[in-house]
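Encoded as structure tokens, the structure appears first; notes follow it.
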Amino acid sequence: MKYLIREPIDVARLIDLVLSDEHGGTALFIGSVRRGPEDGPVVAIEYTAYEAMAEKQLDKIVGRAVEQWPRARVELCHRLGRVATGEASVVVAASAPHRDQAFALCRYVVEQLKQHVPIWKRELLETGEERWRANQLSPPEEGQ
Amino acid sequence: MLSASFISVRCRLFARYAEIVGQEEVTLELRRNTTVGQAVDVLRQRVPNGDRLPERPMVAVNQEHALAGHVLDDGDEMALLPPLAGG
């Protein structure tokens with residue numbers, strides 16, 4: 001698998017892969033398993049996916065991103081399996097000639113992933129309970 | 001072997017939907033020209049607790065998102081996708 005992994009994400013490696021002498025800006029998004037006051041006693045999230053489709057959709061998202069920002073580079077990884085609170089579940093690194101492009105590209109890939117890629121999460125709570133959670137989607141950015 | 005008027009479609013269920021029906025895969029024999037929407041209706045009647053699956057879930061055919069009117073073909077893989085939660 002190219003994008004889905006079962007081990008901790010090597011953030012430094014993803015950054016290295018997108019860095020270029022021709023790029024002046026690199027943006028990094030790290031999505032982590034949260035235990036906020038509204039989330040309850042979450043200890044971990046178990047991620048599952050329709051793996052073949054998820055890989056294909058991620059390839060398409062990266063392909064569309066490269067068409068839209070041809071001089072930029074983007075790399076990403078998404079964890080599967082059990083991810084403990086505080087650990088990264090997804091990392092997107094984007095590098096471009098200018099910072100605006102790097103930020104826009106990084107945001108684009110994250111939002112597309114949340115909207116189109118068949119990945120699911122089940123929260124594991126301290127109480128032993130488990131619950132499926134769906135994404136709350138951010139409103140689309142103007143011009144996208 | 002199926003007659004020319006029937007097709008075989010592999011249906012896959014994931015996450016909460018697989019949990020509801022207690023299985024991850026069902027093969028349906030359907031009339032040729034069956035749409036995704038019609039196949040979901042058949043599936044809901046065929047599997048345990050199928051009535052607890054949504055009437056119009058998000059669906060993928062051969063790993064691409066598909067609408068209810070999409071016509072299925074012999075050998076297709078149809079997947080019912082619960083609300084997505086990547087990230």
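Per chain, numbering begins at 1; letters A, B, ... match sequence-line order. Since the model is a prediction, treat every value here as computed from it, not as a measurement.
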(message) To the nearest 0.5 Å, what is the distance between CD on B/E64 and NZ on A/K60?
(response) 3.0 Å
(message) How close do B/A85 and A/A134 get, counting heavy atoms only, and between which atoms?
(response) CB-CA, 4.0 Å
(message) Rounded to the nearest 0.5 Å, what separates atom CG in B/L84 from atom OH in A/Y50?
(response) 13.0 Å
(message) I want to check something: taking the side chain as every heavy atom from C-beta on, are A/Q57 and B/Q63 in contact at a cut-off of under 4.5 Å?
(response) no
(request) Name the region of A/R122, side chain, backbone, both or neither, that has any atom closer than 4.5 Å to a heavy atom of chain B. (result) side chain
(request) Indicate if B/V47 and B/L28 have the same hydrophobic cluster label, given that clusters are the connected sets of ILVMFWY residues with side-chain heavy-atom separations under 4.5 angstrom. (result) yes
(message) Using every non-hydrogen atom in the two residues, find where A/P118 and B/L81 come nearest and quote the distance to one decimal.
(response) CB-CD2, 4.3 Å
(message) Hydrophobic cluster membership, with links at side-chain heavy-atom distances under 4.5 Å among I/L/V/M/F/W/Y: are A/V91 and A/V110 in one?
(response) no
(message) Need one label for A/A49: side chain, backbone, both or neither, based on atoms under 4.5 Å from any heavy atom in chain B.
(response) backbone
(message) Test your reading of the model: is there a side-chain donor-acceptor pair from A/W120 to the backbone of B/P82, 3.5 Å cut-off?
(response) yes
(message) Please classify the contact between A/W132 and chain B as side chain, backbone, both or neither, with a heavy-atom cut-off of under 4.5 Å.
(response) side chain
(request) Under 4.5 Å heavy-atom distance to chain B, tell me which part of A/K121 shows up: side chain, backbone, both or neither. (result) both
(message) Test of understanding: clusters of I, L, V, M, F, W, Y form through side-chain heavy atoms closer than 4.5 Å, transitively. Do A/L113 and A/L28 belong to the same one?
(response) no
(message) Could you see if A/V109 belongs to whatever hydrophobic cluster contains A/L14? Use Ile, Leu, Val, Met, Phe, Trp, Tyr and a side-chain cutoff under 4.5 Å.
(response) no
(message) Are more than 12 heavy atoms, taken from residues, nucleotides or ligands other than A/R133, located less than 6.0 Å from that residue's CZ atom?
(response) yes
(request) Report yes or no: do A/L125 and A/V43 belong to one cluster of Ile/Leu/Val/Met/Phe/Trp/Tyr joined by side chain heavy-atom distances under 4.5 Å? (result) no
(message) Need one label for A/E46: side chain, backbone, both or neither, based on atoms under 4.5 Å from any heavy atom in chain B.
(response) neither
(request) Evaluate whether atom CG of A/L19 has more than 12 neighbouring non-hydrogen atoms of other residues, nucleotides or ligands under 6.0 angstrom away. (result) yes
(message) Looking at B/R32, I'd like to know if its CZ atom is crowded, meaning that more than 12 non-hydrogen atoms belonging to other residues, nucleotides or ligands lie closer than 6.0 Å.
(response) yes
